[in-house]
Amino acid sequence: MRKQLASIDRSIASSVVTIGSDPDQDIRLGGVGVRGNHAQLKQGVSGVEIMCTRGATVSVNGEMVNRSGLKPGDKINLAQNEIIIVNAPAGFDIALDLTPAAMQASSVAGAYKTDLSQTKLGMRKLAWTLSITALLISMLIPLGYRFLTNSDNTLANTLPFTDSAWSSGPLHEAHSALENNCKACHQKLFQKVTNAACDQCHSSTVDHIAAVEQNAHLGLDINGRCASCHKEHNEPISTLVDSSNSVCTACHADADLIASNRLDTTTLGRVSEFSLEQHPAFTAVVLNRPADEPIDSVQPWQAARVSLPSDKENSQLKFNHEVHLNAGKVLDSGSQALACGNCHALDADGEHFNSINYETNCANSGCHELALDVRNRLPHGYPDIVVSAVEGYYLRKFGSNRVTEDARSSTQTDKRRRFGGSEKEECTDSAYDCALQLADDKIIEQFSVKGCVTCHIIEDTEGESSADRFKVGVVKLNEDYHPSATFDHESHEILIEPGEKNNIQGKEACLYCHNASNSSSSNDILMPELETCTVCHADQQVVGTVELGCTQCHAYHPRRQPILDSLGSLK
Amino acid sequence: MIHTGILEYKKSRYFWWSLVLIIVCVMIYLTQSADDPPNGGTWQGYTTGTIGAVLIVWLSLLGIRKRNYRSRSGTVAGWTSAHVYLGASVVIIATLHSANQLGWNIHTLSYVLLLGVVLSGFVGLYYYLTLPQIALKNRNGQTRDSLFAELFELDEQGKEIATRCSSDISLMANSAIARTSIGGGVLAQLLRSDNSKVKIEQDNNQLLVENRDQARVLQIIANRIPDAARQSEVGPLRELLSVLSRRQAVIRRIVRDIQLQGMLRIWLYIHIPLTVALLIALTMHIIVTFLYW
């Protein structure tokens with residue numbers, strides 16, 4: 001195809017003639033609105049036609065078109081430029097008469113794109129793209145997943161990600177299996193995670209207030225949401241439990257709550273922090289024999305809350321800590337003074353102590369063996385059998401005619417328990433009767449003078465038969481004075497008072513808190529008072545003290561349910 | 001002019017405002033305990049989050065304020081100064097709100113978009129503080145329009161002189177003027193890429209060759225002067241060379257000016273779309289927080 005451009009005698013030999021504002025166009029036109037490559041002239045079906053690039057138009061005979069066939073006489077207008085199609089000379093496909101826009105000084109700039117706003121670059125397009133992407137990622141896709149999985153729809157699996165994109169952080173490792181199961185906890189949209197959701201797994205967790213009967217009227221609204229203390233999505237820095245004091249003091253220091261009697265201050269004092277002034281004095285839970293029951297009753301004992309240190313307890317055991325700790329009076333088998341640990345062995349939990357029992361703690365020490373002689377010991381714990389055992393012992397030993405002087409005078413084998421008086425009359429009856437009489441004397445001595453009565457409370461019914469005469473009190477040693485509190489004995493084995501350089505260890509560490517060396521009665525409750533703790537502990541860490549938060553002693557969820565059940569009737 | 005004294009506006013009033021705001025937010029942040037570790041869900045987190053969200057919305061309004069010249073609520077310079085300082089402080093406030101709990105989730109998406117917005121804002125600020133001086137120096141006291149007027153004048157002179165030269169020189173000079181490339185697309189404006197062409201006659205063929213920085217046409221004319229066929233041709237050639245050289249200098253200034261003005265605006269093409277996306281993502285972030293409460 002050959003074309004001739006008329007009037008300035010230029011000829012172009014090309015199959016396509018380009019028109020535009022770019023410098024390399026065959027026909028370069030300036031002016032506002034002329035694109036870099038605005039249009040092309042090319043051979044169409046019915047002769048040469050003008051074809052604009054996408055979206056561009058030119059005026060052909062006054063009509064704005066994108067594409068048009070051309071014939072001589074047609075007038076094309078683009079910006080201020082005018083092209084008239086004239087009759088092509090022989091050998092040319094088309095001839096154009098071009099009149100470029102008359103350039104004025106003021107319109108020069110307009111011929112060029114000199115500002116970003118004239119380029120294809122647009123803020124709107126990018127803004128829309130980014131916004132719709134953000135909307136898809138943050139709302140539409142996760143929401144779609146949420147609803148698609150409601151109806152077993154497998155379409156949900158085709159989504160690029162799930163509603164876990166809404167997760168603000170990883171879950172605690174105990175919950176990590178739920179990482180992609182948001183609905184396990186977030187059961188309804190716009191609803192805070194409910195306790196019911198937690199209860200799906202944690203139904204056996206004991207609630208804080210419902211556990212204490214007299215506070216039951218407070219209701220679960222006071223117990224609050226699990227999530228108010230157990231905050232998820234904070235890993236790896238969280239321990240899943242908010243154990244800050246404010247969790248407790250929100251109620252236990254709330255003057256309004258106390259004033260309205262919704263918080264029972266008869267048993268729960270107001271507490272705002274751990275200090276002498278702001279924490280109630282310690283109380284202790286002791287066990288009492290039911291008042292109308294005899295001393296040897298096997299009915300369950302009742303728990304009662306008492307004040308420290310004034311109140312007493314009665315376990316029905318006579319024991320003198322002062323004597324046992326006095327090296328001048330009692331020594332162990334190695335001739336050493338007794339230590340606390342000789343009797344009180346720390347349990348594996350580091351808090352409680354193994355139960356005290358006669359065999360382990362009294363007899364095996366070699367001190368209180370209840371021996372009549374080397375071969376004969378009285379059975380502990382069975383008063384009726386003790387009577388039979390003593391009788392049997394004397395009958396075997398002296399129940400024949402060969403009653404020796406020795407037998408008649410005393411029971412030499414039990415030197416520590418020998419009679420105080422030596423004025424005893426000599427038995428002149430038959431050997432059998434003398435043996436029984438000796439046994440009777442021994443039984444009375446055991447139950448009323450020295451022996452059983454040393455440690456046990458014994459009631460003399462003054463009955464005829466020595467077998468029925470004495471009632472021995474059941475011993476119930478309290479094993480937990482603070483059943484709903486925890487304490488770590490292990491970490492208190494070495495104490496250093498604030499400002500002191502020397503530490504306190506071993507027996508002295510025990511006695512620092514438990515005033516046993518001055519206690520001559522087992523009715524003393526040897527539990528420390530608040531001021532013992534506040535020597536070293538404070539609510540907030542201050543120099544020289546150890547910070548102590550509520551939950552370090554008090555468990556929010558009661559763990560020892562049986563004991564607390566027994567406290568249910570406490571007032 | 002707006003760009004002078006943005007940072008020093010009213011003795012850096014908004015710098016101190018921002019500093020106080022940051023200190024307040026840091027103190028709020030520090031009241032969070034270890035038991036409920038710092039995060040966006042504590043009351044402190046909600047507080048810093050609300051402050052941040054309100055700031056972001058308010059800062060976005062600057063764009064609307066700048067287009068509303070009839071507004072009486074403060075001066076544009078004042079708003080811009082506040083925008084810069086408070087905008088920078090939002091990054092710190094948002095970081096305190098997030099407590100550095102970042103991950104592949106939609107909450108971090110908002111944070112990343114915010115960083116993008118503020119980072120592009122810093123680029124813009126840097127341009128606003130540096131480029132106007134450079135542009136002023138480049139234009140040498142002239143305006144863009146007067147530069148173009150000068151160019152037009154030189155174009156006309158060049159064309160007039162070309163008529164007195166031989167036909168090949170005339171064709172070349174005319175095409176060099178007509179096919180001069182100034183500005184153009186985004187990259188052409190910002191990178192000053194020059195697509196100028198010139199048509200030359202070679203072996204009776206007309207060739208369209210590149211004429212970057214008008215170098216080719218100047219070189220050919222300069223080479224022709226010693227080879228001029230007639231002595232009478234030397235005069236117009238020298239005149240033409242002189243005009244086209246001056247023309248080259250003017251084009252350089254114009255192209256540089258286009259580049260500088262482009263840089264003063266290009267960051268907005270990132271800043272504003274990112275801001276719009278941020279507002280969407282932020283809204284979703286807030287809704288989702290309560291959607292899965």
Side-chain angles (χ1 to χ4, degrees), chain A residues 10 22-24 28 30 36 103-106 108-109 111-131 133-135 137-139 142-143 163-170 182 186 189-193 231 233-234 237-239 241-244 246-247 549, chain B residues 33 35-37 39-41 101 103-107 109-110 113 144-145 148-149 151-153 155-156 178-186 188-190 195-197 208 211 254 258 261-262 265-266 268-270 272-281 284-285 287-293:
Chain A
R10 282 179 59 198
D22 279 353
D24 59 354
R28 188 182 178 281
M103 278 299 212
Q104 302 292 322
S106 56
V108 187
Y112 302 101
K113 289 176 185 166
T114 57
D115 194 279
L116 290 179
S117 61
Q118 295 164 316
T119 65
K120 286 178 185 168
L121 192 65
M123 294 183 192
R124 279 168 199 275
K125 203 187 286 178
L126 187 59
W128 275 106
T129 310
L130 287 173
S131 301
T133 309
L135 198 64
I137 290 174
S138 57
M139 184 57 76
L143 203 62
D163 52 353
S164 61
W166 285 344
S167 170
S168 60
C182 307
H186 301 283
L189 297 181
F190 292 112
Q191 183 192 54
K192 285 184 173 182
V193 174
K231 297 204 171 118
H233 298 289
N234 279 324
I237 45 171
S238 149
T239 52
V241 184
D242 180 359
S243 49
S244 53
S246 57
V247 168
Chain B
S33 71
D35 290 301
D36 187 12
N39 70 86
Q101 289 188 344
W104 292 101
N105 56 54
I106 64 121
H107 311 284
L109 176 68
S110 295
L113 286 172
R144 174 87 67 84
D145 282 345
F148 269 112
L151 178 66
F152 175 74
E153 201 58 43
D155 284 354
E156 295 302 305
R179 293 174 185 275
T180 293
S181 159
I182 293 174
V186 182
Q189 289 190 26
L190 293 175
N195 193 27
S196 294
K197 297 275 192 275
L208 202 57
N211 184 28
I254 292 174
I258 290 170
Q261 299 303 327
R265 291 192 45 85
I266 188 65
L268 278 169
Y269 286 81
I270 307 292
I272 290 174
L274 276 179
T275 303
V276 176
L278 168 63
L279 289 171
I280 299 286
M284 296 306 122
H285 158 66
I287 292 174
V288 165
T289 300
F290 299 104
L291 209 57
Y292 274 5
W293 208 344

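By convention in this document, chain letters (A, B, ...) are assigned in the order of the sequence lines, proteins followed by strands, and residues within each chain are numbered from 1. Basis for what follows: all heavy atoms, side chains included, without hydrogens, waters or symmetry-related copies.
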Residue, of [options], that accumulates the most heavy atom pairs under 4.5 Å with chain B:
options	result
A/L143, A/L189, A/T133, A/T129	A/L189
A/P142, A/A165, A/A134	A/A165
A/S167, A/C182, A/P170, A/G169	A/S167
A/G36, A/S117, A/A127, A/G549	A/A127
A/T114, A/D115, A/D163	A/T114
A/T119, A/V241, A/L135, A/L121	A/L121

field: A/S138 vs B/H285, side-chain hydrogen bond (donor to acceptor under 3.5 Å, both in side chains): CA-CA, chis, key distance, verdict
entry: CA-CA 7 Å; A/S138 57; B/H285 158 66; over 6 Å; no
Does any heavy atom of chain A fall under 4.5 Å from the side chain of [X], the backbone, both, or neither of them?
X	value
B/L279	neither
B/S181	both
B/I254	neither
B/T180	both
B/L151	side chain
B/Q189	side chain
B/I266	both

message: Quick check on A/K192 against chain B: is it the side chain, the backbone, both or neither that has a heavy atom closer than 4.5 Å?
response: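 Its backbone and side chain both get close to chain B.
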- request: If the plane angle is over 60° it's perpendicular, under 30° parallel, otherwise tilted; pick one for A/W166 and B/Y292.
  value: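 Correct class here is perpendicular.
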- prompt: Among B/A281, B/A178, B/G183, which has the most heavy-atom pairs under 4.5 Å with chain A?
  reply: B/A178
field: Closest-packed option against chain A by number of heavy-atom pairs under 4.5 Å, given B/I258, B/N39, B/I182, B/I280
entry: B/I182
How far does [atom1] of [X] sit from [atom2] of [Y], to the nearest 0.5 angstrom?
X	Y	atom1	atom2	result
B/L278	A/L130	CG	CG	11.0 Å
A/I137	B/L109	CD1	CG	6.0 Å
B/L274	B/L268	CG	CG	11.5 Å

- prompt: Any side-chain donor paired with an acceptor under 3.5 Å for B/Q101 and A/N234?
  reply: yes
- request: Sequence neighbours left out, what passes salt bridge (charged side-chain N to carboxylate O under 4.0 Å, His left out) with A/D24? Give chain and number order.
  value: none
task: Please lay out, stage by stage, how B/R144 and B/Q261 fare under the test side-chain contact (heavy atoms from CB on, under 4.5 Å).
output: CA-CA 10 Å; B/R144 174 87 67 84; B/Q261 299 303 327; 3.3 Å; yes
field: side-chain contact (heavy atoms from CB on, under 4.5 Å) between A/M139 and B/L291, intermediate numbers included
entry: CA-CA 10 Å; A/M139 184 57 76; B/L291 209 57; 4.2 Å; yes
field: Candidate pair A/H186 and A/V193, rule side-chain contact (heavy atoms from CB on, under 4.5 Å), full reasoning
entry: CA-CA 6 Å; A/H186 301 283; A/V193 174; 3.6 Å; yes
